[in-house]
Amino acid sequence: MNLTEELQRRFGYTEFRPGQQEVIEHVLEGRDTIAVLPTGMGKSLCYQLPGYLMNGSVLIVSPLVSLMEDQVAQMRKNGEKRVVALNSFLSYSEREKVIRQLDHFKFIFVSPEMLSRRTVVDYFRKLQLALIVVDEAHCISQWGFDFRPDYLRLGDFLKIIDRPPILALTATADQKVMFDIPYYLQMRSPVVERQSLDRKNICYSVIRLKSSIEKMAWIKNRVSTTTGPGIIYTSSRKRSDELAKELQSIGVSCQSYHAGKEQDDRSIIQSQFYNGELDWICATNAFGMGIHIGNIRQVIHEHMPSTVADYSQEVGRAGRDGLPSVATLLYMQSDEQLTSFIIQTDIPKEEQVRYYNNLLIDGMAPEEAAKLAGLSETGKRVIDYYMERFEVVEIIEKLLSLAEEKNTELQTMLSLIVTTNCIRKNILSYFGEESNLKIPQCCSNCSLPEMEWLTVEKPSMNKHAIMTWDERITKLLG
DNA sequence: CGCACTAGTTATAAAACTAGTGCGGTGCTTTATT
């Protein structure tokens, strides 16, 4: 079979992007496959094309319902009718209907939570599956242990069905992720297809300041002298709101985005940004996954993220169009303390685990016991997962080492900020890659022509601003 | 843990201190009773 012909016939492309063909070949051979491809490299083609060439349905595990809806809409637009997202967007009767005729669909999107439900699993057992895809598979590591334990339960589902090959897709692959994916997905000698995660068109910069007032002044100046579109990441919802308000007050087209906003507002803001009606977004880490905007020129971190993996995901949203883009991280002393609090606070403490366990033994209802033990909703769900398979002593040990691990990751992130060595090299080596490539606009530690980048002037507040910026940087690279 | 904010104190009028308090990220899922 000629894959390129199939690609041409079904998708209208004349050639594959790097890595795609290899991934597709492995999948068609029936191998479990881990595909590490940088963002914007056409990951969805890696399951859509083989899906058409195989018998049975393709099950795609996706982390966000909004992402599923986008992908379903996209595929329908391209003429595929046999595609559905099985999630809480559906009413009870709609869901029943979909479930009863699952085999009518070629592509089925689900959340990991859905796959933990007994009734749902029973329907999937009867279905002939050609392929199981875990999209954004780093979520297993990133969310599984302390936020969405159903990511760790995927293995349970895979154990009880007659399982087809599994394809894990991600753009983030540090050591831990590369260990967790095959382990929790129970892969059988998986092939790893890996492309370089280096984003040569992104220039990395770290700037040290003395206070959050200085940060605000810096951002105001940056935003009014350079063009977007851009994302400003903060570490709290409140800060996002404040920053957006402040920027609006000096005439910048800007909105804040975080999980505290209504879902409707979130999609409106997202589509405004997408359509170029909004130059800047001030956001928490809620803004990111599933954002496919090509021309983001800048990503500014008003506050540091908690891991290098998070950082590289966030800055990776810049410059998907391949044009020069800038990532700037603002740091002031002891910024890591807030980050530390945030990542540690939701991990249940030893006393809580013991108390919760004792209350359960006494026969108290789990919800009430969790409340008394001072466990958050998330905390309870996490502990419930661990209690299904470990003794209390083991759980406490695991949670302790999780807290330690998180702290180590934060320290690694911090060392990226304070290093005097090449930032790009540091990021790449975190992902196990080496790079000796000299790039003219590499990072703030590599004799960057930083002033040239920083003085790109914003000519006016109109739509042509984006064009001018692009022209300018193209000229800069000369 | 540390920052921002508030209420109370001081000592006789306004402002400057102090102690206490609150806050801090990611998302899936809810089919049943008065």
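Here is how names work: the chains are called A, B, and so on, in the same order as the sequence lines, proteins then strands, and each is numbered from 1. The analysis underlying the following values was restricted to heavy atoms, covering all of them including side chains, and did not include hydrogens, waters or symmetry mates.
Ionic pairing of A:D150 and A:R381 is present here: one or more N-O contacts between side-chain nitrogen and carboxylate oxygen are shorter than 4.0 angstrom. Looking at A:R354 and A:E350, a side-chain N of the basic residue comes within less than 4.0 Å of a carboxylate O on the acidic one, giving a salt bridge. Under the 4.0 Å criterion applied to side-chain N and carboxylate O atoms, A:R239 and A:E242 are assigned as salt-bridge partners. Ion pairing of A:K176 with A:D180 is present here, as a side-chain N (NZ or NE/NH1/NH2) and a carboxylate O approach within less than 4.0 Å. Remark: A:E246 engages A:K220 in a salt bridge, criterion side-chain N to carboxylate O under 4.0 Å.
Among the protein residues, A:M114 comes within range of the sugar-phosphate backbone only, with heavy atoms under 4.0 Å from sugar or phosphate atoms but none that close to a base. Residue contacts shown for A:S235 are limited to sugar-phosphate atoms, with no base heavy atom under 4.0 Å away. Note on A:N87: only backbone sugar-phosphate atoms sit closer than 4.0 angstrom, heavy atoms only; bases stay farther off. Using a 4.0 Å heavy-atom distance criterion, A:I343 is classed as a base contact. Backbone-only engagement by A:R266 is indicated by non-hydrogen atom pairs under 4.0 Å involving sugar-phosphate atoms exclusively. Among the protein residues, A:R381 comes within range of the nucleic acid bases, having at least one heavy atom under 4.0 Å from a base atom.
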Would you sort out whether A:K159 and A:D156 count as a side chain to side chain contact (heavy atoms under 4.5 Å, CB included), showing the intermediate values?
CA-CA 5 Å; A:K159 238 185 269 174; A:D156 296 350; 4.3 Å; yes
Full working for side chain to side chain contact (heavy atoms under 4.5 Å, CB included) between A:F107 and A:V84:
CA-CA 6 Å; A:F107 299 97; A:V84 74; over 6 Å; no
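Here, B:dA13 and B:dC17 have their C1' atoms 16 Å apart, quoted to the whole Å. Comparing the same atom, C1', in B:dG27 and in B:dT6 gives a spacing of 35 Å after rounding to whole Å. Taking atom P on both B:dA11 and B:dA19, the two are 15 Å apart, rounded to the nearest angstrom. A distance of about 22 Å separates the P atoms of B:dT18 and B:dA14, rounded to the whole Å.
Mapping heavy-atom proximity under 4.0 Å, the span of DNA chain B touched by chain A runs 5' to 3' from B:dC1 to B:dT31.
In this view, A:K380 and A:D384 satisfy the salt bridge (charged side-chain N to carboxylate O under 4.0 Å, His left out) rule, not counting sequence neighbours.
Heavy-atom nearest nucleotides on DNA chain B were determined for A:M68 and for A:L90, and the one closer to the 5' end corresponds to A:M68. In terms of position along DNA chain B, the nucleotide closest to A:H258 lies nearer the 5' end than the nucleotide closest to the other residue of the pair A:F89 and A:H258.
Base orientation of B:dT30: syn, the glycosidic angle falling within 90° of 0.
Nearest approach of A:P165 to A:L131, heavy atoms of both residues: O-CD1, 3.4 Å.
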DNA chain B in dot-bracket, Watson-Crick or G-U pairs under 3.5 Å, [ ] crossing, | other strand?
((((((((((....))))))))))..........
